[in-house]
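Notes follow the structure.
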Amino acid sequence: MKFLRNYIDKIKPNFEEGGKLHAFRSLFDGFETFLFVPNDTSKSGVNIHDAIDSKRIMSLVVIALVPSLLLGMYNIGLQNAIAAGTVETTTWFSMFLYGLLVTLPKIVVAYAVGLGIEFTVAQWKNEEIHEGFLVSGILIPMIVPAGCPLWVLALATAFAVIFAKEVFGGTGMNIVNVALIARAFIFFAYPSVISGDSVWVATESICGLGANVDGYTCATALQYVANGAAPVGASGELLTSCDMIFGFMPGSIGETSVVAIALGAALLLYTGVASWKTMLSVFVGGIAMLFVFQNKMPEAMPLWHNLLLGGFCFGAVFMATDPVTSARTETGKYIYGFGIGAMTIIIRVMNPGYPEGMMLAILLMNVVAPFIDYCVVQSNVNARAKRVTKKN
Amino acid sequence: MGLFSKKNKEALNTPLFKENPVTVQVLGICSALAVTSKLEPAIVMGLSVTIIVAMANVIISLIRNTIPMRIRIIVQLVVVAALVTLVSEVLKAFAYDVSVQLSVYIGLIITNCILMGRLEAFAMQNKPWPSFLDGIGNGVGYAMILVIVAFFREFFGTGALLNIQIIPESFYEAGYMNNGLMLMTPAAFILIACIVWYQRAKDKSLQEK
């Protein structure tokens, strides 16, 4: 750590006014404050300073995402091996390595495009670099299928960063979740790469790892549910509860494993980064709607499996709790979370064209969140006003 | 006063950029969203609106001194409705396919805010020739935005322009795909927003404080 600090101090003059590399000032500044908590103190007013700032919060979320990411990588290799029928002969390590090779380019592309735009905007407006893309950049590759082409991913990332974030004023000012806008862009602009049955399992060999499987198709579990059938895995057999909980089924890269998501959720709740109120009420809302629609669900599958499938858990833990786009008031968080859970199940059941409802439900509630806050605050104001008039 | 005096030129020029009906006054957005998924209907729509605004402006300007103030709106509506019906019939006779694509939107030109706005704000106070120029300016300003939006939507949404395939087959074989979002109405919103963005960045006087 000491050596890193020394090195940064040594190259710092290059980036200051009149230095050789002044054009990259925002880039340097961004990395320096990411690595070390800045020494700046407030110069006016009374402020309470906490050791944790938004960059520290962001890095905690990234750490919380790592289990899902790693298990997702392993799952890509596993699904590929199942599709090729070589599960017995492939080691778990080469499965993981294959998954890594599938996922890594997506992460690199998402970060390069997103950070590129962020740095350019920061430099152009002469502002500090915003750290918000740190989380979005890892979320975007995790919520697309393994077969998503890189250029589509790059386009979606650029669209999301410019139109969902920069035009509203950058990090912390966005109305809707940036990563979900990227996914929604792919969903509406290039539906063939994010729905259907040929994109969820990686079928091309990379660097000798993995197997080439021609013409292989496998739908996600939710697509079976939408058609009224019990979900079937890549091997053609019914998915067990165990498969669903550990996430050994076709789906977007990071969303399948409930166990890994639970690990991340534990970290987020322990550190207080995410609100347990939002998380809990998403599940309450989902369960309530499941009971309402229980006779519309496929009978071959237990009702509670619906909560394990698709992006429900991932969305509840990592997307709904985004502090920028969720409701701010404490009561509002219950309403906001309940709305997400309920809307998800309603979309899944009522519209067979959208087997996955989490993305649209969160985006919808993001838009409604300020209104929820307004109602909560206003009802409190009214209640207090009433109390005063009664006394008189 | 010459035909193209400074004042007349202004009547023609300002609605093209500085007072553009779509991007600055934000009028006629509804039809700009609805008819711009392809270039051909957008051009026809722009042309129709231009002709109707110009003609209506001239007619109202000619009879402006005889219209009683209390019933002026209904008189304007009668004139516009007659012109819209005329254009609609001509389209049905000579360009049936396009008129089917435009469906109700030709009829709805009558409710286009640009028309009533120009009649009230300009034709009621000005002579026929400046009114004609003002109508042409506003119509072309509107048509211009429609054509720009439709160009991008058709090009990226279907890979074609005026129904002629532009993006070669080899692109699609290499993995290129048409952007389905461009064919939906939100794309028109986003594109118009980009034009507004560009225009306000260029011309600082348009920016709100």
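Remember, predicted model here, so these are calculated numbers, not experimental data. A, B, ... follow the sequence lines: proteins, then strands. Residue 1 opens every chain.
With values rounded to the nearest 0.5 angstrom, E154(B) atom CD is found 6.0 Å from L162(B) atom CG. To the nearest 0.5 Å, atom CZ of residue F314(A) and atom CD1 of residue I253(A) are 10.5 Å apart.
Residue M184(B) touches chain A through its side chain alone, counting heavy-atom pairs closer than 4.5 Å. In this structure, no portion of I186(A) lies under 4.5 Å from any heavy atom of chain B. P191(A) does not touch chain B: none of its heavy atoms, backbone or side chain, sits under 4.5 Å away.
Between F156(B) and F152(B), the ring-plane angle classifies as parallel under the 30° and 60° cut-offs. Between W151(A) and Y190(A), the angle of the ring planes goes over 60°, which puts this pair in the perpendicular group of the 30/60° scheme.
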